[in-house]
**Q** 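Pasting a structure here, questions to come.
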Amino acid sequence: MAAQLPNRLKPFLLEEKNSEYFNLEEFYNRVGARTGVRYGEAVHRSRVVMDELKKAISQGEINDVLSHLPGEYEELFGRKPRSALSPTV
């Protein structure tokens with residue numbers, strides 16, 4: 001994915017960090033905590049960022065990224081939630 005992003009964004013993907021698993025709800029909670037906004041606004045902002053990401057990289061790369069994430073993350077990329085238990089349903 002880094003190869004398809006503008007140069008100024010590549011370092012964020014290439015940094016070595018300890019990876020950690022968390023569900024989509026926790027992702028939104030972390031976005032909210034880092035940006036100082038409530039949950040609903042964190043969901044909205046996250047989706048806006050992913051909409052822009054989808055413009056920058058190929059659909060094949062998006063599919064590859066999603067293949068490494070739990071299914072609930074598909075809604076973050078504008079796809080229909082797979083489950084009624086989705087944090088935004």
Side-chain angles (χ1 to χ4, degrees):
M1 180 177 8
Q4 295 182 23
L5 290 175
N7 287 334
R8 69 181 190 277
L9 297 177
K10 289 178 185 181
F12 296 104
L13 284 179
L14 300 175
E15 286 179 15
E16 288 192 33
K17 295 182 180 181
N18 293 330
S19 60
E20 181 180 355
Y21 168 81
F22 43 87
N23 65 23
L24 184 58
E25 182 176 19
E26 180 62 18
F27 175 82
Y28 292 140
N29 284 328
R30 289 178 184 218
V31 168
R34 286 186 178 189
T35 59
V37 299
R38 293 179 182 231
Y39 187 84
E41 182 63 20
V43 170
H44 172 72
R45 290 182 181 193
S46 298
R47 288 180 175 173
V48 168
V49 169
M50 294 308 153
D51 284 344
E52 291 303 312
L53 181 64
K54 288 188 314 188
K55 293 175 187 175
I57 64 175
S58 70
Q59 185 60 48
E61 192 61 37
I62 293 289
N63 292 340
D64 185 53
V65 168
L66 286 171
S67 74
H68 298 286
L69 296 171
E72 65 185 322
Y73 277 83
E74 288 191 6
E75 75 176 65
L76 181 58
F77 288 85
R79 297 179 180 177
K80 185 176 179 180
R82 288 187 185 180
S83 166
L85 299 177
S86 169
T88 59
V89 169

**Q** Looking at every non-hydrogen atom in both residues, tell me the closest pair between A42 and V37 and how far apart they are.
**A** N-CG2, 3.7 Å
**Q** If only atom types and distance count, is the side chain of K54 paired as donor or acceptor with the main-chain N or O of I62 below 3.5 Å?
**A** no
**Q** With no hydrogens and no angle check, just 3.5 Å: does a side-chain donor-acceptor pair link N29 and E25?
**A** no
**Q** For the pair Q4 (side chain) and S58 (backbone), establish whether a donor and an acceptor sit closer than 3.5 Å, ignoring hydrogens and angles.
**A** yes
**Q** Compare every heavy atom of E72 with every heavy atom of L24, then report the nearest pair and how far apart it is.
**A** CD2-O, 3.1 Å
**Q** Restricting to salt bridge (Lys or Arg N to Asp or Glu O under 4.0 Å), what partner residues turn up for R45, sequence neighbours left out?
**A** E41
**Q** Can you tell me how far the CZ atom of R47 sits from the OH atom of Y28, to the nearest 0.5 Å?
**A** 4.5 Å
**Q** Provide the closest heavy-atom pair for Y73 versus F22 in the form atom of the first, atom of the second, distance.
**A** OH-O, 2.7 Å
**Q** Under 4.5 Å between any side-chain heavy atoms of N23 and P70, yes or no?
**A** no
**Q** Are any non-hydrogen side-chain atoms of F77 and Q59 less than 4.5 angstrom apart?
**A** no
